[in-house]
Structures are given as C-alpha cells and as structure tokens.
Amino acid sequence: MLSAIGVDSIDALYAEVPEQIRFRGDYQLPEEMSELEVHQLFEQLGKQNRQLTCFAGAGVYDHYTPSVIPQLLNRSEFLTSYTPYQAEISQGTLHYIFEFQSMMAELTGMDISNASMYDGTTASAEAMMMAVAAGKKQPRFLVSETVDPKTVKVMKTYAHFHGVELEMIPAENGVTSKESLKMQLAQGGVAGMMVQQPNYYGIVEDYSGFADLCHDNKALFIMNGIIADYAVLKTPGEWGADIAVGDGQSLGIPMQFGGPYVGYMCCTEKLIRKMPGRIVGKTVDNRGQRAFVLTLQAREQHIRRQKATSNICSNQSLMALWATVYCSLMGKPGLKEAAELSYAGAHYLCDQLLNTGLFQLVYDKSFFNEFVLQFDGDVDMLQKFWIMNGILGGIKLSDNQIMFAVTEKRTKEEIDRMVTSLPLYKGIS
C-alpha cells in the first residue's frame with residue numbers, strides 16, 4: 001500500500017503530524033484470542049446477565065417470537081437491503097412492505113397505511129404534524145393525559161420547534177375527560193387531538209362521541225394504540241379515527257434493550273397526501289404482470305425539503321418484515337389467542353395480588369393486559385425483593401403505585417410464584 005501511494009515508510013506517511021501530538025505508547029488492547037477462547041469469553045459475560053420473568057410493560061412487552069422469524073430475517077437479501085428506490089430490482093422488498101401496509105390497515109380498520117415509521121413515539125409526533133398540516137392555520141393540538149408520558153415528551157419536542165401549541169386534556173379517574181375536551185375544542189384553533197387505547201394505565205377507554213366532537217370542530221381524531229391488542233379490541237376505524245398510530249413491537253419483536261422497533265401509521269383515504277413516509281402501491285408492468293412501486297413520495301429526497309410532509313429519510317423496513325412474518329405465521333386466530341391469553345393472565349394476576357391484602361386497585365375500570373395497583377408498603381424494597389427472586393415486578397409509577405403487565409408468555413406457575421413469594425417479603429421487610 002505504501003508503494004502504491006509512493007511513500008517509503010509509515011513515519012513518512014505521517015510526517016505532517018507534529019511529533020508532540022503523536023502517541024508513542026502501547027495501545028490498551030487485550031491479547032489476541034482463538035475463536036474458541038472468544039466464544040468462552042462471551043459465554044462468561046453472558047452469565048452475568050440476570051434472566052428475569054417480566055411483568056413490566058408501559059409500551060414494551062415480553063411477547064413470544066416464533067423461531068422462524070429471525071431465521072428468515074437473517075437471510076442476506078433481507079438483512080442487507082435498503083431503501084427500494086429502483087423498483088425493477090426491489091420487488092421482494094416492495095412486496096413485503098405492501099403486505100405490511102395491508103396488515104396494518106386491516107388491524108386498525110383504516111383505509112391507508114404507510115411503511116413505516118421509526119417507532120410508535122415518533123409516529124405519534126408525526127401524526128400531530130400531519131394534523132397541523134391538514135388543519136392549515138389551526139396551531140393547537142390536544143393530547144390526553146392518559147397517553148404514555150414518553151410519547152408526550154417527544155411530541156412536545158416536535159411541537160416546540162414547529163410552533164405547535166400542544167395542550168393536555170386532563171384525566172378523571174384514569175380516563176380522558178370528555179367535558180374538558182368539549183371546552184378546549186370550543187375555544188377554536190384545534191387541528192387535532194390524540195388519545196390512547198388501551199391507555200397508559202392499561203384501561204380500555206370508551207371513546208364514544210369523541211370523533212364527532214372533533215369533526216364538528218374541524219379537528220382530526222387520532223388514536224394511539226398497541227397494534228396487537230386490536231385483534232380483539234374495537235379498532236380505531238370503528239371509533240371513527242382519522243389517523244391511527246403506535247408501535248409494532250407487540251407483533252413478536254423482542255424487547256432487546258429498547259429497539260429497534262417499528263412504528264405504524266394509518267389514516268383515512270382523504271388524508272393520504274398529508275401522510276409522511278413511503279407508501280408502496282400495486283400495479284402491473286408492461287407485460288401485464290403484478291408489480292410493486294413506491295408511490296406518493298412526499299419526502300425530502302424527491303422534493304424541496306421545505307415542501308416535504310416530513311423529513312424522515314429512512315424507515316424500519318427490516319422490522320416491518322419482522323411484523324409481517326409474525327402476522328402471517330399467527331394468522332387471525334393466533335393474534336386473537338395471544339391477546340386473549342394476555343387478558344386472562346392479567347386479570348388472574350390482579351385478582352391474586354388483591355387477595356393478598358397488600359394491594360388495592362387504583363382505577364376501578366375495565367383493563368386489558370395492564371393495570372395499576374397501590375401497594376401497602378415500600379415499592380422500591382418490594383421490587384428489589386422480586387428481582388432477587390428472578391422477577392421483574394412491574395413498573396413504579398409513584399411512591400406507592402406499581403403498574404403490572406402480563407403477556408401470553410406468562411404462565412400460571414410464574415404468576416403463582418410471584419404472588420406466593422409475598423409472605424416471605426412481608427417477613428423480611
């Protein structure tokens with residue numbers, strides 16, 4: 001290499017680097033290892049991790065992943081593919097993106113789906129910007145206090161830098177205040193409002209009349225939700241939503257330390273030109289054969305940045321494929337069964353914890369697979385105790401409140417082990 005560039009030595013190559021800033025010591029690198037030694041090293045490091053039985057949720061859930069999914073996604077044509085600009089050589093990628101869109105539209109009951117957003121949080125922020133763009137001169141946007149606080153934080157960041165006036169709708173006993181919504185809409189200038197289903201506390205809210213209230217005031221009704229739950233719950237389309245957004249992690253994507261995940265965004269047909277991200281359409285080629293193409297590409301790579309509906313310039317295509325394979329494997333019966341098992345397990349856990357006399361239900365409302373209890377004791381000490389026993393015991397919401405989640409992976413034996421350990425905790429606390 002030195003000969004090819006006409007330099008005699010390494011010192012000559014770096015001759016222009018001043019001597020006083022050159023490093024002359026030994027690099028702090030470990031000794032070389034054989035392949036076997038590297039495997040043994042990582043096995044030892046892996047044993048330092050604690051495998052906990054997870055009863056935590058708040059937007060990320062411990063769902064089962066069929067083993068065939070990572071095997072398929074590790075194929076090179078999927079793992080290394082990128083944005084399918086050239087339709088003629090990207091039919092496979094375009095095809096599965098089209099299938100992802102079709103599945104998201106069916107699960108949400110909406111007309112159109114894009115593919116795809118980074119995650120549920122940024123999808124929610126993009127939905128807010130989409131509503132403001134559709135509302136033109138209406139700068140206000142309303143968000144229920146029962147929407148995940150993490151999502152609200154990101155939406156506030158987007159709102160701050162885009163001049164959007166984001167305002168919160170108060171919650172009453174864990175659900176969105178319909179009266180407060182009426183009053184805030186009556187003040188005018190509202191482009192849209194967002195709710196969550198099930199909400200942050202796991203409650204299945206009744207949104208009857210919300211869409212009509214919004215539409216009567218020329219505002220869009222947006223529903224954020226855990227996509228897998230729509231296998232058994234009333235869909236955003238059935239609630240009259242204009243836009244449905246959320247995260248696809250519940251479709252068999254592992255928790256994996258916080259990502260990568262995949263967001264979904266669906267809407268009514270009349271809003272299609274305001275939707276950010278890519279949309280894959282189905283057509284025919286010059287031989288009359290089915291073909292897939294990118295369509296309505298209102299992105300900064302194709303038009304002037306200031307005119308783009310969004311500046312998202314990539315997408316979670318690989319995770320969209322993950323969700324697509326999961327849905328195709330599970331089918332409608334499998335998605336429904338997983339949701340029903342999660343629901344049944346959560347209600348069983350709730351009943352068992354209440355029976356101990358150490359907990360009280362915070363919100364006496366219908367819940368799906370997540371619920372909030374008040375603990376008669378030190379929450380931090382209880383969670384540390386559970387961790388010592390191999391259990392991730394929910395998420396602390398306040399000094400005396402814990403939110404628990406159950407998925408189809410949690411067995412009756414695991415739930416019973418968690419509950420029957422409590423007398424031991426009471427004895428040492």
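Only heavy atoms go into these numbers, but all of them, side chains included; no hydrogens, no water, no symmetry mates.
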Hydrogens and angles aside, do [X] and [Y] bring a side-chain donor and acceptor to less than 3.5 Å of each other?
| X | Y | answer |
| --- | --- | --- |
| Ser421 | Asn389 | no |
| Tyr200 | Asn224 | no |
| His39 | Glu43 | no |
| Tyr96 | Ser317 | yes |

Do the charged groups of [X] and [Y] touch, with an N to O distance under 4.0 Å?
| X | Y | answer |
| --- | --- | --- |
| Lys234 | Glu238 | no |
| Glu205 | Lys178 | no |
| Glu179 | Lys182 | yes |

Using every non-hydrogen atom in the two residues, find where [X] and [Y] come nearest and quote the distance to one decimal.
| X | Y | value |
| --- | --- | --- |
| Ser113 | Met104 | OG-CB, 3.6 Å |
| Pro139 | Gly163 | CB-O, 4.5 Å |
| Cys327 | Met103 | CB-SD, 3.5 Å |
| Gln184 | Ile169 | NE2-CA, 3.8 Å |
| Met223 | Ala241 | CB-CB, 4.3 Å |
| Ile395 | Ala56 | CG1-CB, 3.8 Å |

| request: Please lay out, stage by stage, how Cys267 and Lys274 fare under the test side-chain contact (heavy atoms from CB on, under 4.5 Å). | output: CA-CA 10 Å; Cys267 69; Lys274 297 296 183 182; over 6 Å; no
Is the [atom1] atom of [X] crowded by more than 12 outside heavy atoms at less than 6.0 Å?
| X | atom1 | answer |
| --- | --- | --- |
| Glu77 | CD | yes |
| Tyr343 | OH | no |
| Gln51 | CD | no |
| Gln374 | CD | yes |
| Gln187 | CD | yes |
| Lys150 | NZ | yes |

Checking the side chain of [X] only, and the main-chain atoms of [Y] only, is there a donor and an acceptor separated by less than 3.5 Å?
| X | Y | value |
| --- | --- | --- |
| Thr356 | Gln352 | no |
| Trp386 | Met418 | yes |
| Asp376 | Gly357 | no |
| Arg290 | Lys282 | no |
| Thr65 | Gly252 | yes |
| Gln196 | Asp148 | yes |
| Asn217 | Ala219 | no |
| Ser177 | Pro170 | no |
| Trp322 | Ile69 | no |
| Ser342 | Glu408 | yes |

In the structure I gave you, are the side-chain heavy atoms of [X] and [Y] within less than 4.5 Å of one another anywhere?
| X | Y | answer |
| --- | --- | --- |
| Leu271 | Leu220 | yes |
| Lys396 | Ile402 | no |
| Leu349 | Phe371 | yes |
| Thr268 | Met110 | yes |
| Met193 | Phe221 | yes |
| Met117 | Val245 | no |
| Val379 | Leu382 | no |
| Arg278 | Leu94 | no |

When rounded to the nearest 0.5 angstrom, what is the spacing between [atom1] in [X] and [atom2] in [Y]?
| X | Y | atom1 | atom2 | value |
| --- | --- | --- | --- | --- |
| Lys218 | Lys136 | NZ | NZ | 12.5 Å |
| Arg50 | Leu392 | CZ | CG | 11.0 Å |
| Phe385 | Ile391 | CZ | CD1 | 8.0 Å |
| Phe100 | Asn114 | CZ | CG | 8.0 Å |
| Gln91 | Thr93 | CD | OG1 | 9.5 Å |
| Leu373 | Met403 | CG | CE | 11.0 Å |

| field | Trace of the side-chain contact (heavy atoms from CB on, under 4.5 Å) decision for Tyr348 with Val406 | value | CA-CA 10 Å; Tyr348 176 72; Val406 180; over 6 Å; no
| said: Could you go through Ile226 and Asp247, starting from their C-alpha distance and side-chain angles, then the distance that decides it, and tell me whether this counts as side-chain contact (heavy atoms from CB on, under 4.5 Å)? | reply: CA-CA 6 Å; Ile226 305 300; Asp247 207 295; 5.7 Å; no
| said: Does the plane of the ring in Phe404 sit parallel, tilted or perpendicular to the ring in Phe359? Use 30° and 60° as the thresholds. | reply: perpendicular
| message | Angle between ring planes, Phe292 versus Phe98, binned at 30° and 60°: parallel, tilted or perpendicular? | response | tilted
| request: Would you mind telling me which of Thr176, Val190, Leu142 makes a side-chain contact (heavy atoms from CB on, under 4.5 Å) with Leu181? | output: Leu142
| task | Check step by step if ring pair (Phe, Tyr, Trp, His ring centres under 6.0 Å) holds for Phe367 and His347. | result | CA-CA 8 Å; Phe367 64 89; His347 284 74; 3.9 Å; yes
| request: Step by step, work out the side-chain contact (heavy atoms from CB on, under 4.5 Å) result for Thr407 and Tyr64. | output: CA-CA 9 Å; Thr407 69; Tyr64 174 67; over 6 Å; no
